[in-house]
Amino acid sequence: QVQLVESGGGLVQPGGSLRLSCAVSGSIFSFYAMGWYRQAPGKQRELVASITTGGTTNYADSVKGRFTISRDNAKNTVYLQMNSLKPEDAAVYCCNFPNYIRNWGQGTQVTVSS
């Protein structure tokens, strides 16, 4: 079973930045696209960013220009750099394989408040 461990969340003021990390167990990481998802209270989980095995990225319109997804295949880790954070970005952020969803990790909480 693949394990996903998210970290890096926290409390920031509007306009601040956070860098999330997702460590993936096993040796198959480099063979699949990876994505970051978020779910705020009372809302559906949404895919906010993804990156293919070749490094092609896609972003939800709500985060485009502010978030950057990247991956380090040697470390089996995917990152989400979040800049210019807004209160509406507050959510639990999780990582997974968009084309082959595995067991969800616990996620990491991002809170944006002044």
Side-chain angles (χ1 to χ4, degrees):
Q1 292 291 314
V2 171
Q3 292 183 313
L4 304 164
V5 182
E6 300 91 349
S7 62
L11 172 64
V12 297
Q13 296 184 89
S17 298
L18 284 172
R19 184 172 183 256
L20 308 184
S21 297
C22 169
V24 184
S25 68
S27 60
I28 67 169
F29 177 80
S30 64
F31 294 96
Y32 296 94
M34 200 73 194
W36 279 99
Y37 301 76
R38 69 185 182 189
Q39 186 168 29
K43 301 183 69 175
Q44 296 183 96
R45 192 195 313 277
E46 63 174 335
L47 177 66
V48 298
S50 64
I51 183 167
T52 69
T53 56
T56 300
T57 58
N58 284 282
Y59 300 93
D61 289 341
S62 59
V63 308
K64 194 170 299 181
R66 300 186 297 117
F67 290 11
T68 303
I69 188 172
S70 61
R71 66 192 297 163
D72 186 337
N73 290 339
K75 295 182 177 180
N76 284 3
T77 301
V78 62
Y79 305 95
L80 186 67
Q81 178 66 47
M82 305 186 295
N83 299 325
S84 302
L85 283 162
K86 305 175 180 180
E88 51 263 45
D89 294 319
V92 174
Y93 284 73
C94 298
C95 57
N96 218 309
F97 301 87
N99 300 316
Y100 195 4
I101 296 293
R102 310 297 183 94
N103 294 333
W104 294 96
Q106 68 179 40
T108 186
Q109 176 73 53
V110 171
T111 303
V112 186
S113 177
S114 58

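As the structure is a prediction and not an experimental result, all values here were calculated from the model.
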Taking the six-membered ring for Trp and the full ring for Phe, Tyr or His, determine whether the centres of Phe67 and Trp36 are under 6.0 Å apart.
no
Hey, does the side chain of Tyr32 reach the backbone of Asn96 with a donor-acceptor pair shorter than 3.5 angstrom?
no
Using atom types as modelled and distance alone, determine if a side-chain donor or acceptor of Asn76 lies under 3.5 Å from a backbone N or O of Gly26.
yes
Using the rule that two of Ile, Leu, Val, Met, Phe, Trp, Tyr join whenever any of their side-chain heavy atoms come within less than 4.5 Å, decide whether Val110 and Tyr37 are in one cluster.
no
For Thr108 against Ser7, the heavy-atom pair lying closest together:
OG1-C, 3.9 Å
All heavy atoms of Gly107 vs all of Cys94, minimum pair found to be CA-SG, 3.6 Å
In terms of hydrophobic clustering (I, L, V, M, F, W, Y; side-chain heavy atoms under 4.5 Å; direct or indirect links), are Tyr79 and Met82 co-clustered?
no
Hey, is CD on Glu88 packed in by over 12 heavy atoms from elsewhere, all under 6.0 Å?
yes
For Ala33 and Pro98 the tightest heavy-atom approach is O-CD, 3.4 Å
Determine, using the 4.5 Å side-chain heavy-atom cutoff (strictly less than), whether Ile51 and Phe31 are members of one ILVMFWY cluster.
yes
What I'd like to find out is whether the side chain of Trp104 reaches to under 4.5 Å of the side chain of Arg45, using heavy atoms alone.
yes
Separation between OG1 (Thr57) and CZ (Arg71), nearest 0.5 Å, reads 12.0 Å
Group every Ile, Leu, Val, Met, Phe, Trp and Tyr by side-chain heavy-atom contacts under 4.5 Å, then state whether Tyr93 and Val2 land in the same group.
yes
Can you tell me how far apart CG (Leu85) and OG (Ser113) are? Round to the nearest 0.5 Å.
12.5 Å
Under a 4.0 Å threshold between the charged nitrogen and the carboxylate oxygen, would Lys86 count as salt-bridged to Asp89?
no
Heavy-atom closest pair (Asn103 atom, Leu4 atom, distance to 0.1 Å) is O-CD1, 3.4 Å
Residue pair Phe29 / Met34: nearest heavy atoms and the distance that separates them:
CE1-SD, 3.9 Å
How close do Ala49 and Leu80 get, counting heavy atoms only, and between which atoms?
CB-CD1, 4.0 Å
Among the clusters formed by ILVMFWY side chains lying less than 4.5 Å apart, do Val24 and Tyr100 turn up in the same one?
yes
Is it the case that more than 12 heavy atoms not belonging to Gln109 sit under 6.0 Å from its CD atom?
yes
CD on Gln81 to CG on Leu18, rounded to 0.5 Å:
8.5 Å
Ser62 and Arg38, any side-chain heavy atoms less than 4.5 Å apart
yes
Rounded to the nearest 0.5 Å, what's the gap from CG on Asn83 to OG1 on Thr68? Could you check?
6.5 Å
